[in-house]
Amino acid sequence: MSFEYDSSNPKLLHSVVCFIDVLGFKSLGLEAIKNGTGDEFLENIHSSLGKARASITPYPFLPAKIKVFTDNVVIGWPIRGDGEGELGNTFLNLSEYQLALALDGFFIRGGISIGPHFMDEETVFGPELIKAYELESQVAVYPRIILSEESKQDVKRFTRYYMDVKGSPFYTELLEDMDGEWFLNYLDILFDIFEDEVAQKDFTSVYRSLEVHKTNIESALEKYSSNYKLLKKYAWLANYHNYFCDEFMPVSENNLKISTPIKMSNPRRIF
């Protein structure tokens with residue numbers, strides 16, 4: 001059985017499938033053009049997407065495929081074996097991608113599903129692409145990357161491999177939101193990016209990144225203060241940011257917290 005997408009013999013393969021979109025990209029671009037800052041916006045988004053893409057670009061020896069069209073990203077990763085490695089690495093890669101864009105002031109949402117899929121340089125096809133797209137466009141709502149029911153069931157199965165649920169990487173990589181959706185806890189990737197410093201109990205770089213994250217969210221809250229629909233999306237981000245500071249940082253500091261005009265219930269651990 002093949003575990004790679006083969007252009008000479010296209011077949012649907014059991015895969016991890018992702019669809020990602022930059023929140024409000026169209027309106028941001030049109031607003032920039034209207035204000036005469038189109039070139040500046042283009043330069044910023046081009047640079048940010050270019051830097052972030054490195055985190056989701058597969059190594060040549062991996063069978064994963066990626067397609068990018070400006071603010072849209074589709075990823076397909078054929079599953080070999082039980083799929084824990086493919087799904088786990090997808091979570092890490094997407095978290096790094098989401099963080100990189102967030103630190104540049106661009107926030108994304110998306111969907112992750114598991115099932116039949118095919119993609120190569122010419123074609124992207126399969127029911128899971130539709131499901132991942134629908135998760136992003138109809139269910140995610142807020143700037144979060146959420147999991148399909150199939151993905152959630154696989155995570156539950158993989159977690160049983162561990163003696164203690166807290167020993168599973170999924171225990172920190174995923175959170176359950178107030179509406180029951182599971183989403184990527186993308187700020188947690190900071191502990192991997194600055195692993196050497198964190199091992200020495202030095203959280204300086206983590207704090208600096210959280211300060212940038214805070215500033216970008218506060219700017220959006222101010223910008224969309226009179227647009228309730230958008231304000232609620234960034235209020236969700238503020239709530240997630242504050243929860244992360246309380247739940248995951250060794251010492252919660254009030255100067256990292258964001259004051260938000262809309263209060264929401266906190267997410268929680270998936271287990």
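Nothing here was measured: the structure is a model prediction, and the numbers come from that model.
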For D39, side chain to side chain contact (heavy atoms under 4.5 Å, CB included) partners two or more places apart = none

Over all atoms of both residues, closest heavy-atom pair of Y234 and A220 = CD2-CB, 3.4 Å

Polar contact flag, side-chain donor to acceptor under 3.5 angstrom, D82-Y161 = yes

Non-hydrogen side-chain atoms of E134 and V139 separated by less than 4.5 Å = no

Quick one: do I130 and F19 end up in the same hydrophobic cluster if we chain Ile, Leu, Val, Met, Phe, Trp and Tyr together by side-chain heavy atoms under 4.5 Å apart?
-> no

Going only through I, L, V, M, F, W and Y residues with side-chain contacts under 4.5 Å, is there a path from M178 to L231?
-> yes

Taking it one step at a time, do W182 and S151 satisfy side-chain contact (heavy atoms from CB on, under 4.5 Å)?
-> CA-CA 10 Å; W182 289 15; S151 302; over 6 Å; no

Check the hydrophobic clustering (I, L, V, M, F, W, Y; side-chain heavy atoms under 4.5 Å; chains of links allowed) and say if F41 and L30 are grouped together.
-> no

Residue pair N35 / T37, side-chain donor-acceptor N/O under 3.5 Å = no

d(S15 OG, L129 CG) to nearest 0.5 Å is 11.0 Å

Do any N or O atoms from the side chain of D202 and from the backbone of T204 form a donor-acceptor pair under 3.5 angstrom?
-> yes

Would the number of heavy atoms belonging to other residues, nucleotides or ligands and lying under 6.0 Å from CZ of F125 be above 12?
-> no

Those residues that, when tested against K223, pass salt bridge (Lys or Arg N to Asp or Glu O under 4.0 Å) (two or more places apart) | E31

Distance col, row E96:CD vs L190:CG, nearest 0.5 angstrom, shows 10.0 Å

So do the side chains of F191 and V206 get within less than 4.5 Å of each other, counting heavy atoms only?
-> yes

Rounded to the nearest 0.5 Å, what separation is found between the CG atom of L174 and the CD1 atom of I270?
-> 4.5 Å

Begin with the C-alpha distance, continue with both residues' side-chain angles, and end with the deciding distance and a verdict on side-chain contact (heavy atoms from CB on, under 4.5 Å) for E211 and L256.
-> CA-CA 6 Å; E211 287 172 351; L256 281 176; 3.5 Å; yes

Any side-chain heavy-atom pair of S7 and E122 under 4.5 Å = no

Okay, side chain of E86, backbone of R80: is any donor-acceptor separation there less than 3.5 Å?
-> yes

Say you draw a straight line from NZ of K257 to NZ of K214; how long is it, rounded to the nearest 0.5 Å?
-> 10.0 Å

Min side-chain heavy-atom separation V124-H117 under 4.5 Å = yes

Sequence-distant partners of Y186, ring pair (Phe, Tyr, Trp, His ring centres under 6.0 Å), two or more places apart | H213, Y240

Any donor-acceptor N/O pair, D21 side chain to S137 backbone, under 3.5 Å | no

According to a 4.5 Å side-chain heavy-atom criterion applied to Ile, Leu, Val, Met, Phe, Trp and Tyr, with indirect links allowed, do I193 and V212 form part of one hydrophobic cluster?
-> yes

Side chain to side chain contact (heavy atoms under 4.5 Å, CB included) partners of T172, counting only residues at least two apart | D188, F248, R269

Exercise: identify the closest heavy-atom pair between S113 and K131 = OG-CD, 3.2 Å

Without swapping roles, check the side chain of N239 against the backbone of S265 for a donor-acceptor pair under 3.5 Å.
-> yes

Just do the side-chain contact (heavy atoms from CB on, under 4.5 Å) check on T90 and I75 with the steps written out, would you?
-> CA-CA 9 Å; T90 295; I75 300 172; 5.7 Å; no

Are the side chain of R109 and the backbone N or O of V141 linked by a donor-acceptor pair below 3.5 Å?
-> yes

CG of D154 to OG1 of T159: how many Å apart, nearest 0.5 Å?
-> 10.5 Å

Minimum heavy-atom separation for G111 to E136, with atom names?
-> N-CB, 4.0 Å

Quick check: does any side chain N or O of R157 sit under 3.5 Å from a backbone N or O of Q153, one acting as donor and the other as acceptor?
-> no

Distance-only check: which donor-acceptor pairs under 3.5 Å involve side-chain atoms of residues 42-56, not counting sequence neighbours?
{"residue": "N44", "atom": "ND2", "partner": "E40", "partner atom": "O", "Å": "3.3"}
{"residue": "S48", "atom": "OG", "partner": "D104", "partner atom": "OD2", "Å": "2.9"}
{"residue": "K51", "atom": "NZ", "partner": "D104", "partner atom": "OD2", "Å": "3.1"}
{"residue": "S55", "atom": "OG", "partner": "A52", "partner atom": "O", "Å": "2.6"}
{"residue": "S55", "atom": "OG", "partner": "Y97", "partner atom": "N", "Å": "3.3"}

Intermediate values then yes/no, side-chain contact (heavy atoms from CB on, under 4.5 Å), K65 and D120 | CA-CA 7 Å; K65 297 289 185 182; D120 63 7; 5.5 Å; no

Are L184 and R144 close enough that some pair of their side-chain heavy atoms sits under 4.5 Å apart?
-> no

Closest non-hydrogen atom pair, F203 against V198 | CE2-CG1, 3.8 Å

Given the rule that I, L, V, M, F, W and Y join up when any side-chain heavy atoms are under 4.5 Å apart, are L221 and I262 in one cluster?
-> yes

Distance flag, aromatic centroids of W236 and F183, threshold under 6.0 Å | yes

Taking every non-hydrogen atom, the tightest pair across I112 and L135 = O-CD1, 3.8 Å

Below 4.5 Å, heavy atoms only, C-beta onward: do F244 and M249 meet side chain to side chain?
-> yes

The single option from E247, E181, E176 that satisfies salt bridge (Lys or Arg N to Asp or Glu O under 4.0 Å) with R268 is E176

Expected output: side-chain T260 to main-chain A238 donor-acceptor under 3.5 Å = no

On a heavy-atom basis, the closest approach of K152 and G180 is NZ-O, 3.5 Å

Would a distance-only check, ignoring hydrogens and angles, find a side-chain to backbone donor-acceptor pair under 3.5 Å from S225 to E222?
-> yes

Counting only N and O atoms by type, is there a donor-acceptor contact under 3.5 Å from the side chain of H241 to the main-chain atoms of L187?
-> no

Atom CD in Q98, atom CZ in F107: separation rounded to 0.5 Å?
-> 9.5 Å

For the residue pair F170 and F91, does the interplanar ring angle fall in the parallel (under 30°), tilted (30 to 60°) or perpendicular (over 60°) class?
-> perpendicular

Does any non-hydrogen side-chain atom of V73 lie less than 4.5 Å from one of I66?
-> yes

Applying ring pair (Phe, Tyr, Trp, His ring centres under 6.0 Å), name anything that partners Y228, two or more places apart in sequence or on another chain.
-> none

Are side-chain heavy atoms of L13 and F118 found at a separation under 4.5 Å?
-> no

